[in-house]
Amino acid sequence: MNNDKEWQEEQRRVDYVEDLIESRISRLEAEVGAIRGDVVSMRKDFWDEVTVNFSEADDVGETSTSLRQQSEVLSEREKRHQHAYNSLVKLKRLQQSPYFGRIDFAEHGEKSEAIYLGIASLLDKGEDAFLIYDWRAPISNLYYDSVPGPASYETPSGTIEGDMTLKRQFVIRGRKLKVMFDTGVTIGDELLQQVLGRSSDAQMKSIVATIQKEQNRIIRNDTSRMLIVQGAAGSGKTSAALQRVAYLLYKHRDTLRADQMILFSPNPMFNSYVSTVLPELGEENMLQTTFQEYLERRLGREFQLEDPFVQIEYVLTAEEDASYQGRMNGIRYKSSLLFFEAIGRYKLLLEQKGMKFKPLRFMGREIISAEAISERFYQYDSAITLANRCDLLKEWLLKQIAVFSKEELQQPWVDEQIQLLDTEDYQRAYQRMRRQQQRGDSQFSEYEEERTILGRMVVSDRLKPLRKWIKSLRFVDVTQLYRQLFEQTDIASEVHMDDLPADWALVCEQTLAKIKAGELFYEDITPYLYLKEMILGFHSNHAIRHVIIDEAQDYSPFQLFFLKRLFPRARMTALGDLNQAIYAHSSVLQQSAVLTELYGPDNNEQIILQQSYRSTREIVLFTRGMLPGGEAIIPFNRAGEKPEVIEASDQAQLYAQIRHDIAALQHEGYESIAVICKTQEESRLVHEQLSSDLAARLIKKTTLSFEKGVHIIPAYLAKGVEFDAVLLFDGSNHQYTRESERKLFYTACTRAMHLLHVYSLGEPSRFITEADQATYIKR
């Protein structure tokens, strides 16, 4: 595709750029070291350089000026050091692979210019022209979206039109041009083949060199309040979302910081897996958490909270339980928009009646009854919100406590406590009495003054926990208010209207028993928190500007509406795959009307990614056959071995075959191998059997890091990550036959990049046997 002369010219340019980078690195390393030395020295000698004198007013001013001047000098040095250090880090990243693409573009009426693209920009020696353009620059969009011929790109000042005469791609490693070819499409298959054919990494890598046109639409979308990305397994959803974060931080660098963006990921291990992508692109990592971690921070002190993994274990293993169907109906209803709306109606009802409060008790005595608090609450103007009425009630209760504390001074227990005070307490009382005498406030004898002051100290200290309890609004009985939704049939009929699920009585019984035990089902946590916020006031986060939700198909409509309330100023990007919706509740991605309602039809945009890049063509053809409508998934043309389905007559044969295959795969150089099981308990048993013969890591919901090696993992924890080889443990029809397990089975199989084996104790799952037998090998 390229002649030797062009190759030599491009290699000379690589040499020139690498030499320039090396010289700047050397200069910056010296500069960073020198400035660091200055900063350390200035911090060490800071007070020696400051004139400190407080004897006269003029001296105080001089001291203040000296402090400010020395602080400003130190601050300026620290900023210079940080700037130089950041530049050094950027250059070292460029040194590894300075650029990956070139486009030749001639704006109408201008000469053609060669534009080279890399992960960061680089100016020439005179610093008046770019040797490398940042992949996020407006002109770089031509590389991702256009083909040679007439082309245009958008800039802040308008559309630039012209002609692209060349699109070229490179692989540069160790100062050498390894691959170079011209292409007439967005990104040539040759480069993708190289990238996708490698082994899986312990951490996700940047994809800036291989961004596809449809992924570029996700990355550069800067208009939609709600961007929904529905993509097949391995279509690059998460990678594109992380590049999107880097792009937004670059484009809005004057107004947007990394800590104003938050990623909700499926589990803690996934946070580790994606943690290097943004630093690799020169950006700080955004905030990362899981939805469960957020719920634990908010309610973990009040209840023992079930997590989604415990819920799914129940769904997968407890079908024989007599209360199973009731629990399933409860999960679906409590996760729905119907229940979200029901709680909204419940809040309106509570504005008129039904609020529940806890009485105020002191030393075993009830000093203000729950009835008195409720009566006071409903005396406030009904136009005042519940949260504001609770604040007014708080102030009233604190005043009542102040009156009570004066009355309590004469109680015998106060004298008993005064006798137990230590010397330090008496000293505090004596000093307070002297101050009163100096002000002329005292109207008592010295003994009476001492007794009064000591009594006030004793009562105040004893009432301190109660005052704190009141200030935190704990007198509002939120737990009882949530219970009412399941206890009182008149309230249920009024707020739920006609939307109650089947087995409602059983749903209520299960919910109340759980709450009584001090626990909340996973499906109850968000509704409970939402009700609490509706009553006491929302803990909205106005600082967050962008919310990224990965594996969005695992979120319920209720949860997504709650997140919108939590981050009222934020734009949202939701990434998911309906074919991997493995939880019992209805996925929010199934309900387009719900998503449209979230921000309004004019603020939504949906992008569908149908091409799968992770797995070989053979694996994609096999896995898509498990899905109704799976033919819409387009495999990337990377050849590999057909998946193998291996039947075993008993567990001993099954384990022996898996041991043999793992050893063979390791010998062949497979670095990341997953034995994927159905549940955590099955994973534990498999690990127990295999770990005596080989180094295998058991992945749990608490595992924090993703590493290479042999992993034994439940299917629901493998979401979002990928492995060189996947060995699916016991994919028999006994294990995977219910329709609700189809997507879990598909999710497990689609984790494989290069090789997939499905082992079966007896007849394989119907999800295999009902598919095209030509797509797999049976042995």
Could you check, using the six-membered ring where one of them is a Trp, whether His496 and Tyr333 have ring centers closer than 6.0 angstrom?
yes
Do Thr573 and Arg244 meet the criterion of a side-chain donor-acceptor pair at a distance under 3.5 Å?
yes
Please tell me whether Tyr324 and Tyr314 form a close aromatic pair, meaning their ring centres lie under 6.0 Å apart.
yes
So that I can tick it off, tell me whether Glu739 and Arg766 are bridged by a salt bridge, with the cut-off set at under 4.0 angstrom between side-chain N and carboxylate O.
yes
Could you tell me how the ring of His757 sits relative to the ring of Tyr759: parallel (under 30°), tilted (30 to 60°) or perpendicular (over 60°)?
perpendicular
In plain terms, say whether Asp554 and Lys719 are close enough for a salt bridge, that is, a side-chain N and a carboxylate O under 4.0 Å apart.
yes
Cation-pi geometry met for Lys334 and Phe558 (6.0 Å, 45°)
no
Just one of Glu641, Arg638, Arg614 clears the side chain to side chain donor-acceptor pair (under 3.5 Å) bar with His754, so which one?
Arg638
Is it true that Lys778 and Glu647 make a salt bridge, defined as a side-chain N closer than 4.0 Å to a carboxylate O?
yes
Measure the acute angle between the ring planes of Phe562 and Phe291, then classify it against the limits of 30° and 60° as parallel, tilted or perpendicular.
perpendicular
Cationic N near anionic O, under 4.0 Å, Asp661 to Arg779:
yes
Does the separation of the ring centres of Tyr746 and Phe767 fall below 6.0 angstrom?
no
Is the closest basic N to carboxylate O distance between Glu306 and Arg327 below 4.0 Å?
yes
Flag the pair Asp307 and Lys701 as a salt bridge only when some basic side-chain nitrogen lies within less than 4.0 angstrom of an acidic carboxylate oxygen.
yes
Can you establish whether the number of heavy atoms outside Gln773 located under 6.0 Å from its atom CD is more than 12?
no
Answer yes if the ring centres of Tyr528 and Phe521 are under 6.0 angstrom apart, and no otherwise.
no
SB check Glu605 Arg217 (cutoff 4.0 Å)
yes
Should Met269 and Ser705 count as side-chain neighbours, where that means a heavy-atom distance under 4.5 Å?
no
